[in-house]
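Right, one structure below, let's go through it.
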Amino acid sequence: MKMKINFIKEKCKWLRKEILKMVLPSKQGHIASALSQVEICCTLFYGGILKYKKNNPKFSNRDYFIISKGHSAMGAYPIYADLGYFNKKELKSYQKPKGNLRVYGDKSIPGVECTSGSLSQAVGIAAGLAYSKKINNEKNNVYVIISDGEHYEGSIWETAIFSSHYKLDNLIVIVDRNQQIILGKTEKLMKLEPLNKKWESFGWDVQTANGHSIKNLLRAFNKSKKKNGKPKLIIAKTIKGKGISFMEDVTRWHNTFPDENEKKKIRLELKI
């Protein structure tokens, strides 16, 4: 277990570097939102949680992985390249006219299961996938990362009702709970807590984890695989901008891009 945790930690360091190497030259991308989900993504892909096949993003027995908060979907591109879903050289063409990689996830990109952008729509897509797999007795699980801000959309609660009614215990939703949206802190703008009790009241099996602890995440993901007739929710407590000192838990970095001096600081901190 210790070796696995250390391996995933190294992958997290690698992913943060790769995200910044890809994004900084382009001057486009939601860096802080991508950084808060790094441990979640790396644990899923490199911790033996997700079923997938290297070099084959359409592997029929794969588990589905969706980033519903579309502005941070680009944070998974280095992983897809690492798995051989597309050439790693493509990362250097991020947001360039001849490149295929853009800020928001698009299903034309190998590894991206659905186009996302409008908050909370991908949760419904994920539930539809989980439902189709369940009625066809297929063993695929569906994992979806959502944001705090998506809880302000009515469709997310419609999906919560639907998923509970149809006992979609193959659907695992992870809340990247950094407690921020573009305008500020959620608990000051429009209170979400007690978030766990709200989801539980809709019939979901809810866990809370430290979203930057590999050990915590592995425990939560392994527990979520147990079939008990309930859809699963993991509230992963995270820090927006995790890994870059001056970005951590600072609202303005939701969609602000670093200047040249700040880029130098980032390169020093991440040893790029």
Side-chain angles (χ1 to χ4, degrees), residues 1-24 29-52 54 63 65-69 71-85 88 91 94 101 103 105 111-112 143-148 172-180 207-224 234-250 253-254 258 263 265-272:
M1 175 63 81
K2 187 176 181 180
M3 287 180 64
K4 178 187 281 190
I5 290 173
N6 288 337
F7 171 73
I8 299 170
K9 284 181 178 179
E10 288 303 310
K11 280 295 185 182
C12 292
K13 291 178 184 177
W14 162 82
L15 182 56
R16 284 192 167 89
K17 286 183 182 181
E18 289 299 309
I19 291 170
L20 271 298
K21 282 164 61 178
M22 177 182 72
V23 172
L24 288 181
H30 295 255
I31 297 171
S33 297
L35 295 179
S36 67
Q37 69 187 22
V38 163
E39 280 76 15
I40 297 168
C41 292
C42 285
T43 304
L44 283 169
F45 278 97
Y46 300 110
I49 304 300
L50 283 175
K51 289 182 296 185
Y52 60 84
K54 286 188 174 183
D63 287 331
F65 172 72
I66 296 171
I67 298 179
S68 181
K69 50 177 199 142
H71 53 281
S72 69
M74 50 90 178
Y77 295 163
I79 293 177
Y80 298 149
D82 189 44
L83 299 182
Y85 291 174
K88 291 180 181 180
L91 296 174
Y94 168 78
L101 305 181
V103 174
V112 177
Y143 294 81
V144 55
I145 299 177
I146 68 173
S147 62
D148 297 291
I172 301 96
V173 174
I174 306 108
V175 184
D176 183 359
R177 184 75 169 112
N178 55 48
Q179 298 196 36
Q180 294 207 36
Q207 300 180 70
T208 301
N210 179 338
H212 299 302
S213 166
I214 307 303
K215 185 177 181 180
N216 267 214
L217 289 169
L218 282 171
R219 185 187 301 119
F221 286 137
N222 282 317
K223 187 178 178 182
S224 72
I234 299 169
I235 300 173
K237 294 183 178 181
T238 61
I239 298 171
K240 201 157 191 170
K242 177 69 173 177
I244 299 175
S245 61
F246 62 87
M247 282 190 182
E248 289 188 357
D249 202 33
V250 179
W253 289 109
H254 177 87
K263 286 180 183 179
K265 291 179 183 178
I266 289 170
R267 292 188 176 103
L268 282 172
E269 287 195 21
L270 297 184
K271 298 179 181 179
I272 296 175

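Residue indices begin at 1 and follow the sequence shown. Side chains are part of it too, since the values below use all heavy atoms of this structure and drop only hydrogens, waters and symmetry mates.
A salt bridge links Glu39 with Arg16; the closest basic N to acidic carboxylate O contact falls under 4.0 Å. With respect to the salt-bridge test (charged N to carboxylate O, under 4.0 angstrom), the residues Lys242 and Asp249 do not qualify.
Two residues are said to be in side-chain contact when any heavy atoms from C-beta on lie closer than 4.5 Å; Ile214 and Cys12 meet this criterion. No side-chain heavy atom of Leu101 sits less than 4.5 Å from a side-chain heavy atom of Met74. Residues Ile40 and Phe221 meet the side-chain proximity criterion, which asks for heavy atoms closer than 4.5 Å. In this structure, Leu217 and Leu44 have side chains that are not in contact, with every pair of non-hydrogen atoms separated by 4.5 Å or more. A 4.5 Å side-chain heavy-atom check between Val38 and Lys11 finds every atom pair outside the cut-off. In this structure, Phe246 and Glu269 have side chains that are in contact, with non-hydrogen atoms separated by less than 4.5 Å. Within the 4.5 Å cutoff, side-chain heavy atoms of Leu35 are placed close to those of Ile244. Taking the side chain as every heavy atom from C-beta outward, Ser33 and Trp253 never approach each other to under 4.5 Å.
A donor-acceptor contact shorter than 3.5 Å links the side chain of Ser213 to the backbone of Asn216. Between the side chain of Asp82 and the backbone N or O of Pro78 there is no donor-acceptor pair closer than 3.5 Å. No donor-acceptor pair under 3.5 Å is formed between the side chain of His71 and the backbone N or O of His30. Remark: side-chain polar atoms of Thr238 are not paired, donor with acceptor, to backbone N or O of Gly211 under 3.5 angstrom.
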For this session: Check the pair Phe65 / Phe45 against ring pair (Phe, Tyr, Trp, His ring centres under 6.0 Å), numbers first and verdict last.
Result: CA-CA 10 Å; Phe65 172 72; Phe45 278 97; 5.1 Å; yes
Problem set entry | Stepwise side chain to side chain contact (heavy atoms under 4.5 Å, CB included) check, Ile145 with Val173 | CA-CA 6 Å; Ile145 299 177; Val173 174; over 6 Å; no
For this session: Run the numbers on Ile67 and Gln37 for side chain to side chain contact (heavy atoms under 4.5 Å, CB included), then give the verdict.
Result: CA-CA 10 Å; Ile67 298 179; Gln37 69 187 22; 3.6 Å; yes
Exercise. Given the rule in the side chain to side chain contact (heavy atoms under 4.5 Å, CB included) test, do Ile174 and Ile146 qualify, once you have shown the distances and angles that lead to the verdict?
Worked result: CA-CA 6 Å; Ile174 306 108; Ile146 68 173; over 6 Å; no
Exercise. Which is it for Ile79 and Leu15 under the side chain to side chain contact (heavy atoms under 4.5 Å, CB included) test, yes or no, and what are the steps along the way?
Worked result: CA-CA 8 Å; Ile79 293 177; Leu15 182 56; 3.9 Å; yes
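The two residues Glu18 and Leu91 come nearest to each other via the heavy atoms OE1-CD1, 4.1 Å. Across every non-hydrogen atom of Ile266 and Pro258, the tightest pair is CD1-CG, 3.9 Å. A pairwise comparison of heavy atoms in Asp176 and Ser36 identifies OD2-OG, 2.6 Å as the closest pair. The heavy-atom pair separating Ile239 from His212 by the smallest distance is N-NE2, 2.9 Å. Among all heavy-atom pairs drawn from Gly29 and Val23, the shortest one is CA-CG1, 4.3 Å. Minimum interatomic distance between Ile8 and Gly47 (heavy atoms only, all atoms of both residues): CD1-CA, 3.6 Å.
The structure places NZ of Lys215 at 13.5 Å from OG1 of Thr43, a figure rounded to the nearest 0.5 Å. The CD atom of Glu10 sits 9.5 Å away from atom CZ of Phe7, with the distance rounded to the nearest 0.5 Å. To the nearest 0.5 Å, the span separating CD1 on Ile19 from OH on Tyr94 amounts to 10.0 Å. In this structure, the separation between SG on Cys41 and OH on Tyr80 is 7.5 Å, given to the nearest 0.5 Å. Rounding to the nearest 0.5 Å places CZ of Arg219 at 13.0 Å from OG of Ser224.
Sparse packing is recorded around NZ of Lys9, with 12 or fewer heavy atoms of other residues, nucleotides or ligands lying under 6.0 Å away. Around the NZ atom of Lys51, the shell of radius 6.0 Å holds more than 12 heavy atoms that belong to other residues, nucleotides or ligands.
Residues passing the salt bridge (charged side-chain N to carboxylate O under 4.0 Å, His left out) test with Lys237, sequence neighbours excluded: none.
Each of Gln180, Lys240, Lys69, Arg177 was checked for a side chain to side chain donor-acceptor pair (under 3.5 Å) with Asp148, and the lone residue meeting it is Arg177.
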